[in-house]
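Read the numbers this way: they start at 1 and go in the same order the structure lists the ligands and their atoms.
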Amino acid sequence: MFLRNVMRKIASQKSLNGLAIKKNYFGTTSSLLDDFSINANEKTGVSVITMSKTPANSLNLEFIQELSMAIQKLNMEKSCRGIILTSSLPSIFSAGLDILEMYQPEPDRLEKFWTEFQEIWLALYSSPKTVMSAINGHSPAGGCIIALATDYRIMKPKFTIGLNETMLGIVAPFWAEDSMKAVIGQRRSEYSLQLGKLYTAEEALQINLIDEISDNPLQACEDEMMNWLKLPDHARTLTKFQNRGHIIEKMKKGRKEDLEKFVKFIPREGIQMALGTYLDNLKSRKKKQLKTCVSDVELIVRKIKYNLEDYTKTTFFYLGAQDGILAENLINSGCKKVIVTEHKKSNEEHLNEIQNRFREKFLRFTRFPNSRIIEEYKLDGLEEKNWHTQPKVAVILTLLTNDRSKLSLNSYLLRKQFPFNFGRTPIFLLTDNTESKVILMNETNLQTEKRIPSRALSYMFLYDRTLLAEIPRLKPSQKYTKLIKIQPKSDLVDLLYDEDKFKEAEVFLKHFFNKPYERVIPKIEKICPNLGSELIDMNITMLDRVKDLDFRIIGEIFRLVASNDNYSRNIIRVLSSRHEF
Ligand SMILES: CC/C=C\C/C=C\CCC/C=C/CC(=O)SCCNC(=O)CCNC(=O)[C@H](O)C(C)(C)COP(=O)(O)OP(=O)(O)OC[C@H]1O[C@@H](n2cnc3c(N)ncnc32)[C@H](O)[C@@H]1OP(=O)(O)O
């Protein structure tokens, strides 16, 4: 019966094929939120899905939804024969479910979250394709569940994998347990699950939790995939379903009850306390591992009595090229990546000088495709370093001018060119702007706000995609209401302050998300003359003059509409799929 259903499903998928998959299936595509990319190889029929959601590829609702959709599409794509899952993060395959989704959850979201997790597991576990995991970093809990849902696992040495849910005071779902049993056997599974065991790759190989160890799991998966693809797909797929059918059926039958249990279980006081403690430990473990980072940045920060250690969270620095010395100090004190930016062509020479000075230390030198003036340097030996013990500080953007056009340029660069998702990283803008002020946010809940007047550290530039995506789910009390107050100067700000105009703007925004820019601008101009040109020149700082967060989002949309690029469109699509818009 099950096999018959499977055959029927494969047949119906075939007919859906043309509809479900974009014509340009081959090549590289990115997810809406840039949390993963898919590289589809036309020759081999193998698609590599690379997860890149910093800092840990933890699976939150949006990430799971997008990933799941991508896998389902690949499952239906006739020309795809194999899928490899991997990560672009240097030491984490996936840290499992995003604990913040389960800690102090909102009921509706929690339900959606678990439903989507069930869904992605089903899409992977019952995929008709050959699915492999190139586990190139830690893979606890949900990360291991995902890997277990694939057909073959190759892992990089030394990292850890396992179902450690009991360590968090929670319980792995029955279907994950079943998939583990199917791989390592009943006894070993029971032992591992009860003790929440995390195994090193070497240990995992011994108990068959993984199939191979390799320094280059992706390459090894690609090689192994070729062996699997020698066999006729239908025979291999049916054999897979013969083996997995009972587990899939059981999951489908029990999934409603599983969901009910989950949404009841997670909000329980004891569970919440356990999750809270686990989260605290996760954070404090990191603080203990921090070395003191002695650098110019710290000196600046010390001068203004600001404790850098509170904000030692990230691996990236933005620096003006004029800060060559600063960059060198940061590198010497262990920063993993330094981005050197320079905006004046005349300083190209200086940039070259820095580049030459640092050449030996950097593994890679990349020019951003759309800019002559941004350079990325990557530290030598990055892969070998133990990332756990690396000092992580903050993102710094230097801007030693208050010239508005440069401000625009910086925000533009940050928004358009910087390929990373900052997560909850604090971002500082160092400037000599005399109206200096800094807003430091507690990035986790946006509740804490401090102001530190300073000439040197003037402004915290809080703009990141994760945050943007998170804004709609913040409770009203968590929305930050105080932003830098600067006299509104532009029509746009007037518009955003004006209730009636705002309403009008909101109405047409609703209708024009998907309309071409040329059609939007005249409408905007009607409401607010001269706004079109203002929009083009608009920079993020203006948005910070807006008094209310919702206004800010609208402002953000104006800006995105104005820039009219793919990235903006994607964000708009994400935002417009939410109720707020
Ligand atoms: C009766 C039963 C009924 C119903 C069933 C009930 C419940 C079912 C639910 C069970 C399913 C659970 C599956 C899960 O996946 S739970 C999540 C478990 N995950 C973990 O335990 C991993 C935790 N993370 C780590 O151990 C380390 O981060 C890791 C080893 C992966 C990497 O270490 P590294 O030192 O390289 O990085 P860190 O500095 O620790 O992390 C970087 C930042 O990422 C944050 N982080 C890490 N993991 C998570 C996560 N899972 N969720 C959210 N955030 C995470 C970490 O805090 C760091 O953040 P910052 O400090 O930089 O802000």
Give the numbers and elements of all ligand 1 atoms closer than 4.0 Å to a heavy atom of [X].
{"X": "Y278", "result": "20 (C), 21 (O), 22 (C), 23 (C)"}
{"X": "L168", "result": "16 (S), 17 (C), 18 (C), 21 (O)"}
{"X": "A56", "result": "44 (O), 47 (C)"}
{"X": "S91", "result": "36 (O)"}

Between ligand 1 and F117, can you find any atom pair, the residue atom being a heavy atom, that is separated by under 4.0 Å? no
Do [X] and [Y] come close enough that some side-chain heavy atom pair is under 4.5 Å?
{"X": "D98", "Y": "L61", "answer": "no"}
{"X": "M155", "Y": "L209", "answer": "no"}
{"X": "W175", "Y": "I145", "answer": "yes"}
{"X": "W121", "Y": "S179", "answer": "yes"}

Backbone, side chain, both or neither: what part of [X] comes under 4.0 angstrom of ligand 1, heavy atoms only?
{"X": "D98", "result": "both"}
{"X": "I99", "result": "both"}
{"X": "M102", "result": "side chain"}
{"X": "L59", "result": "neither"}

Determine which pairs satisfy salt bridge (charged side-chain N to carboxylate O under 4.0 Å, His left out) with at least one residue from residues 124-152, sequence neighbours left out, and list them in order. D151-K240, D151-R244
Shortest reach to [atom] by a heavy atom, considering only [options]:
{"atom": "atom 32 (C) of ligand 1", "options": "T166, N60, T54, I92", "answer": "I92"}
{"atom": "atom 19 (N) of ligand 1", "options": "A95, P140, G96, P173", "answer": "A95"}
{"atom": "atom 51 (N) of ligand 1", "options": "T160, L97, L279, N164", "answer": "L97"}

Inspect the contact between R109 and E116 and indicate whether a charged nitrogen and a carboxylate oxygen are less than 4.0 angstrom apart.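 Answer for the salt bridge query: no.
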Residues forming a side-chain contact (heavy atoms from CB on, under 4.5 Å) with R188, sequence neighbours excluded: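 R188: side-chain contact (heavy atoms from CB on, under 4.5 Å) contacts with I184, Y191, S192, Y199, I207.
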Do any nitrogen or oxygen atoms of E165 lie less than 3.5 angstrom from nitrogen or oxygen atoms of ligand 1? no
Hey, is ligand 1 close enough to G142 that some N/O pair sits below 3.5 Å?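 Such a contact does occur with ligand 1.
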Within the 3.5 Å criterion, strictly below it, is a donor on Q72 or S68 matched to an acceptor on the partner's side chain? yes
Hey, can you tell me if F63 and F36 have their rings parallel, tilted or perpendicular (30° and 60° cut-offs)?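 If you compare the ring of F63 with that of F36, the planes turn out tilted.
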